[in-house]
Student: 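I'd like to ask some things about the structure below.
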Amino acid sequence: MVPLNWYLMLSAAVFSIGVFGFLTRRNIIIMFMSVELMLNAVNISLVAFSHYLQDLRGQVLVFFIVTVAAAEAAIGLAIIIALFRNKATAHVDDMNEMKG
Amino acid sequence: MPLVMPDLKPITPEIVMTCLALFILVADVFIKRKETLALLSIIGMAAAAFTFALPGALNTTFGGMFISDGYSMFFKIVFALNVILTILISVKYLAVERVNFGEYYALLLFSTLGMMIMASAGDLIVLYLGLELMALSTYILAGFIRYDMKSNEAALKYFLLGSFASAFLLYGISLAYGLTGTTNLDRIAMTISEKGLAGKPALTLSMIMIAVAFSFKIAAVPFHMWAPDAYEGAPTSVTAFMSVGPKAAGFAVIGRVFLMAFPMVRAEWVAVFIPIAIMTMAVGNIVALSQTNIKRMLAYSSIAHAGYALLGIIAGTADGLASMMNYMLIYAFMNMGAFAVIIMLRSEGFKGDAISDYEGLSKTHPLAAALMLVFMFSLTGIPPTAGFMGKFYIFMAAINAGYTWLVIIAVIFSAISAYFYLRIVMNMYMKDPKETVTLTTSPSMGLALAITTVAVLAIGVLPAKVIYLARVAFP
Amino acid sequence: MNYYLLIPFLPLAAFLINILFGKSLLKENAHWVAILAVAGSWVISVATLIDVMGGKTLNQDLYTWVSSGGFKASVGFLIDPLTAVMLIVVTTCSTLIHIYSTGYMHGDNGYYRFFSYLSLFTFCMLMLVMANNFMQLYFGWEGVGLCSYFLIGYYFNKKSASDAGKKAFIVNRFGDFGFGIGIFVIFLTFGTIYYEPVFSQAGAFATKTVNFLGYDVHLMTLIALLLFCGSIGKSAQMPLHVWLPDAMEGPTPVSALIHAATMVTAGVFLVARCSPIFSLSETALMVVALTGAITSLFAATIGLVQNDLKRIIAYSTVSQLGYMFLACGVGAYTAGIFHLYTHAFFKALLFLCAGSVMHAMSGELDIQKMGGLKKHMPITYWTMLIASLSIAGVPGLAGFFSKDEILWMAYSGPSPVGKLVWLSGTLVAFLTAFYSFRLIFLTFHGKFRGTHEQEHHLHESPKSMTIPLMLLCVGAVASGWVGIPALIGENLGIHNYIAEFMKPVLGHPEGHGTHGEEMMVMLVSVAVGFAGIGLAYFMYMMRPDLPGKLATQFSGAYKVLFNKYYVDELYSAIIVRPTIWIARNILIGVTDARIIEAIVNGVPSAIGGFSRQLRKVQTGFLHHYALIMAAGVLIVMGLMLMRSW
């Protein structure tokens, strides 16, 4: 059996990759994908905990997270499309009309 | 296994709200006059608010996942007021902005529903769902003026940073779950003390992650970066909504989670929140000084106010929480009032959100200027307005809890804040009007202004009732 | 709660109505609201007085404004004999002066503004006297100060008026500073700001000393003197008396209401109200008595040679206020309040008569340019004559009883300075009679000395002005009859009602003298009063050349008096001018450019500069925001890590 710690390390690693991606990439879609990666990292650890604790709550939460992530993706893409109509770009650096 | 029906009485307001929001969404298809939807929303919200007082409403249900107590009730009242006032000030404004769509009201209601669920959450899962329901609706609202680049940008920034923060929250939740084997707030606290988890790095990490996510919601420094841009770009009515609702909801869950689930690690989270509170007050008040856009200035002001309210959480006493709740209610009124005046200045072809647009307002529109004066005084915290009482109770609670030095810092920053609030007053009263400003008024706007002004003055003069309510509400 | 509430809130309502609708709706009818409100207050005050005489007192919080921890501030009312008397004084004078103002201010383009200020003033004054805690007292105190500032500077286009307003405000700040600290010390000592617990516990601190600036100071003396600082400012006692004569720049009804009958008496009221504290400190009482005695003597001598009608009366006010403090200082608080009460009537009357004269003389105030007005304005003449007789202490009139009471208490009381202040008081009585009648003779008798145009214009004032004069005249005659001393009253079966009435609050020290001595004191005071009148008659009626001769013969003394002992010049020389000189030469020349500028302008501009720098952090780039958030997480983690190490 794979020990819990391995899952947690994987989760932490994936989460960090997500954070790193979010911080470094400039394309809105990729940034958003990085966030999804972070969420899935959480899912990994939740499922692992759930299995380890023999408790279903963790998996229930995973379902909710997946659902919310789907809704989030829909809204995110809608916002990106609205933006794209006004300004044909998916680059976040083009979006600094407001600052200070 | 027999199907046991959970006690639905405590959750009635949320059920009513869900039905209402869905009904508005459907009714939008059939009703051409969107003002009717606004009216229906207000009536529905008021009806939902009435269910707060139904017998058996104060109880815990769904196996401790949903807590309906005085604390959550108080916040739900704030949310209900927030959404009603927002709808009142939106009606004409949406037409001016040419985004008079029915979804607007449904989204406001869904967002409010999310806040209500947050306030009542007894379980991290419920909390997360409520938070996302609130946040997702607000993202859309922020970008509601589809053709406006600023609004798009506001929505995008808010959305991306918001989901980034949510990921932190989830990471924190998963750690807490892994350590304690439960997501129930009460049981988390029990397990922490039973297993002696306090002080373990993993638990501290979990606590930090959760604190970060909530700090994002209340726009505390350094997790505030989204706020000025989102507030400036969003439709003004949504800015008003966002600056009160999600913030109050954020404070509701901070109070709930940290005092209910993490009382054992109080020393740790106080050590997290103290620097955050100081930075929040500092950055909010100082950066507000050099703003030229009033919405942006109020965004920083809203950041600063979160800093004051955090003192109530840091104090951690019943008095502290009561004063924080009190502050949220007062803040709802004064901020809504200020935004209502800002919205009035917006008319076809005139933005009216620059601070210089307020020059000489007292000469052209004395009543509007007088009302703005009241709200600015209140935001500064000058007696006898509500803002003074809010600050007074927060500071008193913090002093009584032994944080005198923190209060001194807060008072200093509060003094600095007078500079930028009173600058608006100075512009209105001491300068001559540059151009003629036409006000966009409507009966609903008048009603909203009347409610907020009366509340700001009445609470300033008779604060005992409100603080009593908040104190009784706290379990 | 009950109808007492309406006493202050009727004027408040009138103020709100006038300030909101006065300009647009009420205009020339603004006075109706104000008069109805204050008259209503008067009716209720009378009812209150009757209740209190029936033995009813009240000490109740109306509502609590803030209550947190040990601190509680509320609006609460204390109705006791002292309050009841003050209510009568305030509402009676206020009502009559409101009525008078309808005539006096007629046609002024700030008519509604004037009445709204008067109402606000009345409200603040009533809150002050009805307070049951120091916070509210302070609120009323500052409120009347603010209204006074508005009203003195009412003719704000006139530079001297706005200067006088500023002067009053600034001079009062000195006193209020001490007063504020006094209240703070009370809170620190007793942990409350309510009269009742403070006064009942005061005895327990009677011998306590505190370290103040390195000295061991008797705590009660400290509190009493700090509170007295406020009194000195508000009641225009030495050395802060300079604002009151200048305050005469305001409209005459204001002078009558604020600077004679009500506001300036707040200081005396404060001392009487805090008598439980003052009585515990012999030093403080002595300071009060001597301040009062010196001020009354000092102001009376100045009054001898002034030529400005209103200023003479103003100095007379300062002098009489000194009398009241003198009484309080010898422990005879009742006598002080009694004098406050009689003084309110005859002093308001004097001022209103002066206003009436001014009205007839088209604003002329120099009594050297008047004379012979008796036949033109008989009502004004007779009422003013009666007021002057009253202030001179002619037996049977109000002033006689209260003044006699004070002098007797000073003479017979236990105070170590009693005899001294009695002597000075008697001298003042003489001077008062003299200058009051100098005023009467120069104004109303002899030949008219003004221009023909003025003479042609002379006329009696309208009814709205003369009726209040006549009503106040009744007060100036009869108000003293409630305090007829035992010496006279005993045989007639009349008691000293006011002393008995006030006894529960203020106590009533028994004199330690024989009937013979009491008779002597009374006769001396009556004699000096008549002597003063007689001397005035001699100098200004029989030998009108004499004053001029005396002035040249004793030109040194005359100049000193005429220039008010050069106090204004002294202040100008030692405070104002050095301040300006330092400001010009040192501050602007040296420090201002470098140090002050650096602080006064530097701090805000530093913050402003910092603000502009800090703004730049908000770059508008999303990834910067995200980076800062992530950095924030790391910093918080780092903090936690450091904690655990």
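Residue numbering restarts at 1 for every chain, and letters A, B, ... go by the order of the sequence lines.
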Student: Heavy atoms, side chains only, cut-off 4.5 Å: are B:Asp123 and A:Arg57 in contact?
Tutor: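 Answer yes - side chains close enough.
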Student: Heavy atoms only, distances under 4.5 angstrom: which of A:Val60, A:Ile80, A:Ile65, A:Leu39 has the most pairs with chain B? Name it, please.
Tutor: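 Top option by heavy-atom pairs under 4.5 Å: A:Ile65.
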Student: Determine whether a donor-acceptor pair (N or O, by modelled atom type, separation under 3.5 Å) exists between the side chain of B:Asn152 and the backbone of A:Lys87.
Tutor: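 No, the answer is negative, given that no donor and acceptor are paired below the 3.5 Å cut-off.
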Student: Is it the case that more than 12 heavy atoms not belonging to A:Phe20 sit under 6.0 Å from its CZ atom?
Tutor: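 No.
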Student: For B:Ala135, which atoms come within 4.5 Å of any heavy atom of chain A: side chain, backbone, both, or neither?
Tutor: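 It is neither, since no heavy atom gets under 4.5 Å.
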Student: Please state whether the side chain, the backbone, both or neither of B:Tyr139 comes within less than 4.5 Å of a heavy atom of chain A.
Tutor: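 Contact with chain A is through both the backbone and side chain of B:Tyr139.
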Student: Nearest 0.5 angstrom please: B:Glu132 CD to A:Thr67 OG1, how far?
Tutor: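 Nearest 0.5 Å value for the CD-OG1 distance: 11.5 Å.
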Student: Counting only non-hydrogen atoms closer than 4.5 Å, does B:Ile173 touch chain A with its backbone (N, CA, C, O), its side chain (CB onward), both, or neither?
Tutor: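 Side chain of B:Ile173 only, per the 4.5 Å heavy-atom cut-off to chain A.
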Student: Checking heavy atoms, do the side chain of B:Glu232, its backbone, both or neither come under 4.5 Å from chain A?
Tutor: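 Both backbone and side chain.
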Student: Are B:Phe168 and A:Met38 close enough that some pair of their side-chain heavy atoms sits under 4.5 Å apart?
Tutor: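 SC-SC contact between B:Phe168 and A:Met38 confirmed.
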Student: Tell me which of these, B:Ala155, B:Ser163, B:Gly143, B:Ala154, has more heavy-atom pairs under 4.5 Å with chain A than the rest.
Tutor: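 Answer, by heavy-atom pair count under 4.5 Å with chain A: B:Ser163.
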Student: Measure distances from B:Tyr300 to the heavy atoms of chain A and classify the residue's part below 4.5 Å as side chain, backbone, both or neither.
Tutor: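 The side chain, not the backbone.
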Student: Below 4.5 Å from any heavy atom of chain B, which atoms of A:Ser50 appear? Answer side chain, backbone, both or neither.
Tutor: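 Its backbone and side chain both get close to chain B.
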Student: Using 0.5 Å steps for rounding, measure from the CZ atom of A:Phe64 to the CG atom of B:Leu170.
Tutor: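 Answer rounded to 0.5 Å: 12.5 Å.
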Student: Given a strict heavy-atom distance threshold of 4.5 Å, which part of B:Asn293 is in contact with chain A: side chain, backbone, both, or neither?
Tutor: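 For B:Asn293, there is no contact with chain A at all, as no heavy atom is under 4.5 Å.
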Student: Can B:Phe164 and A:Phe32 be said to form a ring-ring contact (aromatic ring centres under 6.0 Å, His included), step by step?
Tutor: CA-CA 9 Å; B:Phe164 190 53; A:Phe32 184 60; over 10 Å; no
Student: Yes or no on side chain to side chain contact (heavy atoms under 4.5 Å, CB included) for A:Val35 and B:Phe159, after CA distance, side-chain angles and deciding distance?
Tutor: CA-CA 11 Å; A:Val35 172; B:Phe159 167 72; over 6 Å; no
Student: What is the minimum heavy-atom distance between A:Val68 and B:Tyr128, and which atoms define it?
Tutor: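 Looking at all heavy atoms of both residues, the closest pair is CG1-OH, 3.5 Å.
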Student: Which atoms of A:Leu46 come close to chain B, meaning under 4.5 Å heavy atom to heavy atom: side chain ones, backbone ones, both, or neither?
Tutor: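 Interface part for A:Leu46: both.
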Student: Tell me the closest heavy-atom pair linking A:Val42 and B:Ala167, and the distance in Å.
Tutor: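 Closest approach of A:Val42 to B:Ala167, heavy atoms only: CG2-O, 4.0 Å.
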Student: Any chance OH of A:Tyr52 has more than 12 other-residue heavy atoms, nucleotides or ligands included, within less than 6.0 Å?
Tutor: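 No - once you tally the heavy atoms of other residues, nucleotides and ligands closer than 6.0 Å, there are 12 at most.
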Student: Taking CZ in B:Arg423 as the centre, count heavy atoms belonging to other residues, nucleotides or ligands within less than 6.0 Å. Is the count above 12?
Tutor: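 More than 12 heavy atoms, drawn from other residues, nucleotides or ligands, come within 6.0 Å of this atom.
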Student: Return yes when atom OH of A:Tyr7 has more than 12 non-hydrogen atoms of other residues, nucleotides or ligands closer than 6.0 Å, and no otherwise.
Tutor: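 At most 12 heavy atoms, drawn from other residues, nucleotides or ligands, come within 6.0 Å of this atom.
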Student: What residue, out of B:Thr182, B:Leu129, B:Ile140, has the most heavy-atom pairs lying under 4.5 Å from chain A?
Tutor: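 Heavy-atom pair counts peak at B:Leu129.
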Student: Which one wins on heavy-atom pair count under 4.5 Å against chain B: A:Glu36, A:Lys99, A:Gln54?
Tutor: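 Greatest number of close heavy-atom pairs with chain B: A:Lys99.
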Student: Which atoms form the tightest heavy-atom contact between B:Leu160 and A:Ile28, and what is the distance?
Tutor: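 For B:Leu160 and A:Ile28, the tightest heavy-atom pair comes out as CD1-CG2, 4.2 Å.
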Student: What distance separates B:Leu124 CG from A:Leu61 CG, expressed to the nearest 0.5 Å?
Tutor: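 B:Leu124 CG to A:Leu61 CG: 8.5 Å, rounded to 0.5 Å.
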Student: Of the backbone (N, CA, C, O) and the side chain (C-beta and beyond), which part of A:Arg85 lies under 4.5 Å from a heavy atom of chain B, both, or neither?
Tutor: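 Neither part; nothing is under 4.5 Å.
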Student: Would you name the heavy atoms of B:Tyr171 and A:Ser11 that are closest together and state the gap between them?
Tutor: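 Scanning both residues completely, I find the closest heavy atoms to be CE1-OG, 3.8 Å.
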Student: Between A:Met98 and B:Glu153, what is the shortest heavy-atom contact and its length?
Tutor: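 That would be N-OE2, 3.3 Å.
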Student: Between A:Leu83 and chain B, which part of the residue has a heavy atom less than 4.5 Å away: side chain, backbone, both or neither?
Tutor: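 Both parts, backbone and side chain.
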Student: Once you round to the nearest 0.5 Å, how far does CG of B:Leu156 lie from CD1 of A:Ile79?
Tutor: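 It is 6.5 Å, given to the nearest 0.5 Å.
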Student: Testing the basics here: between A:Leu53 and B:Gly181, what is the closest heavy-atom pair and its distance to 0.1 Å?
Tutor: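 The pair with the smallest heavy-atom distance is CD1-CA, 3.5 Å.
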Student: Determine whether more than 12 heavy atoms belonging to other residues, nucleotides or ligands lie under 6.0 Å from atom CE of A:Met33.
Tutor: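 No, the 6.0 Å shell around CE holds no more than 12 heavy atoms from other groups.
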Student: What part of A:Ala12 gets closer than 4.5 Å to chain B, counting heavy atoms only: side chain, backbone, both or neither?
Tutor: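 Backbone plus side chain of A:Ala12, per the 4.5 Å heavy-atom cut-off to chain B.
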